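See below for the structure under consideration.
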Amino acid sequence: MPKKGKKAKVPLTDEEQLLLFQQKLLAEEEAAKKKERLLTQFLKDKLAKEEHNSALNLNKINTQWRTVLREVKTRELLKDIEILSQTFERVVDCKDGVIKSLAKDLTEAEEQYAHALRSHLHNVDQLLTLQRRRLSLLEESYNMELDILTKEFETERKTIIDQHEKEIHYLQDVFMAMEQNYVDSEYESKLEFQSMWDDLKNKNLEEKHFLRLQLENIVEDLWRRFQDALKNYTDATEDRKIAFETLKVKDEKSSKEIEMQMKKIQKLQEAIGILKGKITAHSRESEWQNQCIRNDKELVHVQLRKLKAQRTQARGVSQENLVKLTLESNATLKDLKKVVEKGEKILKLAEICRKFETEEEKVLPFYSSVLTPMEQEEVERQNPEELTEELAKLLFGDFGSAGLSV
């Protein structure tokens, strides 16, 4: 094959040169960005390694330092434990002495409480006997009143039942008499209707016969006139013949309508009698029901008055109880305030007297001081004998009030 000749290079235009230059710049920028990314990633990895190493070293230093501190702290704690054990033994000895003295006081207080309890139980037994006697008397009076009320109720019940039976017999008699009167009146009205119907029938027959005779005479006269004037008045005679046939038909219809009206009148009279009987029966029932309703209304009014009276009494009793309760609650609140004030005074004086105790009686307190700095200065100025007398008054005053309350 023949070899192809080399193509000659075509000269580039300005725009193509600019494009090539821009592409080179973009490629250089991308390469620089890749280098920067690689550097940042390398620095981040190096920083993470340094942080990990520093954390390990710091943990090692902390562990060594903690061991040293633990040894020092154990020595200090051992010294504190020895001191606390000595103080604890001393406090326990003091507390044992206090417990023995308190046990003696407790036995004396229990004896006083037992004596007061016996007297209280004796008083309670006497009150129970009195209450039982009172309840027996009230029960006897209640049974007496109950017997009286039951007897009155039975007598009233018998009278009401007798009166009810009498009224029932009276109403039954009245009903029978009314029914008999209704049957008699119905029979009389039927007879009157039958007589009236016969009279009307006879009158209608007589009128019909009379009309028939008149019509026959008229017909004969007309027939004669008709024969005489048949040739000249043929049209007029035909009209009159037609009118006569219509009148005859009307006469038959009127007779039938009269018979129908008489039947309707009979039915209406029967319906009127039935309705009158129903009206009387309904009026009696309504009167009886109204009377029963009036009686029930009176009973309800009486019960309502009783309930209103009971409500007013209960309201008065509840108001009295509420007033008593408020007065007693106010009195108890005042007593409790006095007791609290006495307790605070006792605590303050006990704390003051603690300073004047001997070394054997001293006990470490398990609570913070209640006194203010001003009160402590005043206590230091006062005489210890006065403080002990005031504390004794408060204590004996509390024990005396406690015995009275028991």
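Source: prediction; values computed, not measured. Worth knowing before you read on, the calculation uses all heavy atoms, side chains too, and leaves out hydrogens, waters and symmetry mates.
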Checklist line | Sub-4.5 Å side-chain heavy-atom contact between Q41 and D45 | finding: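 In contact.
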Notebook entry, point to check: Do R118 and L121 have side chains that get closer than 4.5 Å, going by heavy atoms?
Noted result: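 Sidechains of L121 and R118: no contact.
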Check: Which atoms form the tightest heavy-atom contact between F193 and Q269, and what is the distance?
Finding: CD1-OE1, 3.4 Å
Between [atom1] on residue [X] and [atom2] on residue [Y], distance to nearest 0.5 Å:
| X | Y | atom1 | atom2 | result |
| --- | --- | --- | --- | --- |
| L106 | K104 | CG | NZ | 13.5 Å |
| L327 | L322 | CG | CG | 10.0 Å |
| S329 | L336 | OG | CG | 11.0 Å |
| L78 | T74 | CG | OG1 | 6.0 Å |
| H52 | L47 | NE2 | CG | 13.5 Å |
| E192 | Y187 | CD | OH | 12.0 Å |

List the atom pairs, with distances to 0.1 Å, where a side-chain N or O of residues 58-69 and a protein N or O form a donor-acceptor pair under 3.5 Å, not counting sequence neighbours.
| residue | atom | partner | partner atom | Å |
| --- | --- | --- | --- | --- |
| N59 | ND2 | A55 | O | 3.1 |
| N62 | ND2 | L58 | O | 3.1 |
| T63 | OG1 | N59 | O | 3.1 |
| T63 | OG1 | K60 | O | 2.5 |
| T67 | OG1 | T63 | O | 3.4 |
| T67 | OG1 | Q64 | O | 2.4 |

N/O donor to acceptor pairs below 3.5 angstrom from side-chain atoms of residues 141-162, sequence neighbours left out:
| residue | atom | partner | partner atom | Å |
| --- | --- | --- | --- | --- |
| S141 | OG | L137 | O | 3.4 |
| S141 | OG | L138 | O | 2.7 |
| N143 | ND2 | E139 | O | 3.0 |
| T150 | OG1 | L146 | O | 3.0 |
| T150 | OG1 | D147 | O | 2.6 |
| T155 | OG1 | K151 | O | 3.2 |
| T155 | OG1 | E152 | O | 2.6 |
| T159 | OG1 | T155 | O | 3.2 |
| T159 | OG1 | E156 | O | 2.6 |

Next item on the list: Could you please spell out the steps behind the side-chain contact (heavy atoms from CB on, under 4.5 Å) verdict for Q131 and L127?
Entry: CA-CA 6 Å; Q131 187 67 21; L127 288 170; over 6 Å; no
Name all residues meeting the side chain to side chain contact (heavy atoms under 4.5 Å, CB included) criterion together with [X]; count only those two or more places apart in sequence or in a different chain, and write none if there are none.
| X | result |
| --- | --- |
| Q214 | F210, L211 |
| Q194 | W197, D198 |
| K73 | E76, L77 |
| L25 | F21, E28 |

Note to self: Test of understanding: with side chain to side chain donor-acceptor pair (under 3.5 Å), list the residues that count as partners of H122, not counting sequence neighbours.
What the structure shows: Q126
Run the side-chain donor-acceptor check on residues 168-176: report pairs under 3.5 Å with partners two or more places apart or on a different chain.
none

Checklist line | Step-by-step side-chain contact (heavy atoms from CB on, under 4.5 Å) determination, R90 to Q86 | finding: CA-CA 6 Å; R90 184 170 61 81; Q86 292 174 1; over 6 Å; no
Donor-acceptor pairs are to be reported for all side-chain atoms of residues 292-315 against protein atoms at under 3.5 Å, with residues two or more places apart or in another chain.
| residue | atom | partner | partner atom | Å |
| --- | --- | --- | --- | --- |
| N295 | ND2 | Q291 | O | 3.1 |
| T312 | OG1 | K308 | O | 3.2 |
| T312 | OG1 | A309 | O | 2.5 |

